[in-house]
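Data first, discussion second: the structure below is written as structure tokens.
Counting convention: from 1, in listed order, for ligands and their atoms alike. These numbers come from a predicted model, not from an experiment.
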Amino acid sequence: MSNFPQQPHCLAPAFGGGAAPPPLPSAAGGGQPVRDRKIASAEQLVLDLCEPDLRENALGELSKREIFQDLAPLLWNAYGTIAALLQEIVSIYPFLSPPTLSPGASNRVCNALALLQCVASHPDTRILFLNAHIPLYLYPFLNTTSKTKPFEYLRLTSLGVIGALVKVDDTEVISFLLQTEIIPLCLRTMEMGSELSKTVATFIVQKILLDDVGLRYICATAERFYAVGQVLGSMVTSLAEQPSTRLLKHIIRCYLRLSEHPRACGSLNNCLPNMLKDGSFNNYIDDPTTRHWLQQLLHNVGGINRVANLQGGLDHIIGS
Ligand code: TRP
């Protein structure tokens, strides 16, 4: 490893194939040289990721904030960087079960995940990231059930990477996630995670449902539909004790989307939590969008009710 090139020549393609322009002696307050210095130091830190002794510091520094806009292509194109990040990830697999992950090790991997999130968010690297099947490396973290901080932090950061992928509506992303069975993993976090990781997991399910392929997938079998419905329902129940308007918003959006599927809408008639129907949350939803979604949901589900009642009434009249 120590004979890796120290000159950032391997990074040049990230900047359009040319060398970075020399810093101009600037009359305008020195912004450009500062920026150039930042880029140069980020380049050095990216190279440091490949040096085992320097990696921990580089992970910490690079993940602190998005140092500059095009960190993602730099990470992706620099020789050995993604391999180094994956190595970080797999190195803690042995501590997942039985759960023995230390806070320090969790923090270090979360820094590596933050850099992957940057790659997953960037338009030029998102599809490359997906085609390399990198999300799969995160799935073991979503499969954990320990509620301790190191595991909770690991689940939340991993969900952040998936959340960054689904944020841009792209059916290719959704298909990948469905094929690799992300839904049961999200459901698991929705059942046992912290409020924040529940919210991110529900956001991911919401984005999947909003995709036509995703809605069809979840409504394809009764088992799938009820698995999702049951977890949404138990989250609603627990919101009565521990309110979270942002979580409620995503839950309602999921139900509303399910109500747009004819068969699912029929089932929601029975399994939509009463608390959503009886106004329990009325004083509590201040966001007009959420209010509107809830009204629409009740309208959709109530519409089925009316059809069922009408049907019942007709049955009565016709005597069948
Ligand atoms: N293999 C399971 C299936 O396709 C995956 C799964 C488990 C699932 N629980 C789910 C999919 C809930 C959708 C919803 O059914």
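A donor-acceptor pair under 3.5 Å is absent between the side-chain atoms of Asn143 and the main chain of Tyr139, judged by distance alone. One N or O on the side chain of Ser158 and one on the backbone of Leu154 form a donor-acceptor pair closer than 3.5 Å.
Scanning the protein heavy atoms around atom 13 (C) of ligand 1, the nearest turns out to be Arg224 CG, 3.3 Å. Nearest non-hydrogen protein atom to atom 6 (C) of ligand 1 is Pro184 CG, 3.6 Å.
A side-chain contact (heavy atoms from CB on, under 4.5 Å) with Ile174 is found for one member of Leu209, Leu210, Ile208 and no other, namely Ile208. Screening Thr189, Thr144, Thr145 for a side chain to side chain donor-acceptor pair (under 3.5 Å) with Arg155, the sole residue that qualifies is Thr144.
Using a 4.0 Å cut-off between heavy atoms, Glu181 contacts ligand 1 through its side chain alone, with no backbone atom that close.
Near Ile183, the atoms of ligand 1 lying under 4.0 angstrom from a non-hydrogen atom of the residue are 12 (C), 13 (C), 14 (C). Taking every non-hydrogen atom of Leu187 and a distance limit under 4.0 Å, the qualifying atoms of ligand 1 come out as 12 (C). Per-residue contacts place Tyr217 under 4.0 angstrom from the following atoms of ligand 1 (heavy atoms of the residue considered): 4 (O), 11 (C), 13 (C).
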Using the ring pair (Phe, Tyr, Trp, His ring centres under 6.0 Å) rule, take Phe129 and His122 through it: C-alpha gap first, then chi angles, then the decisive distance, then the call.
CA-CA 10 Å; Phe129 180 80; His122 196 286; over 10 Å; no
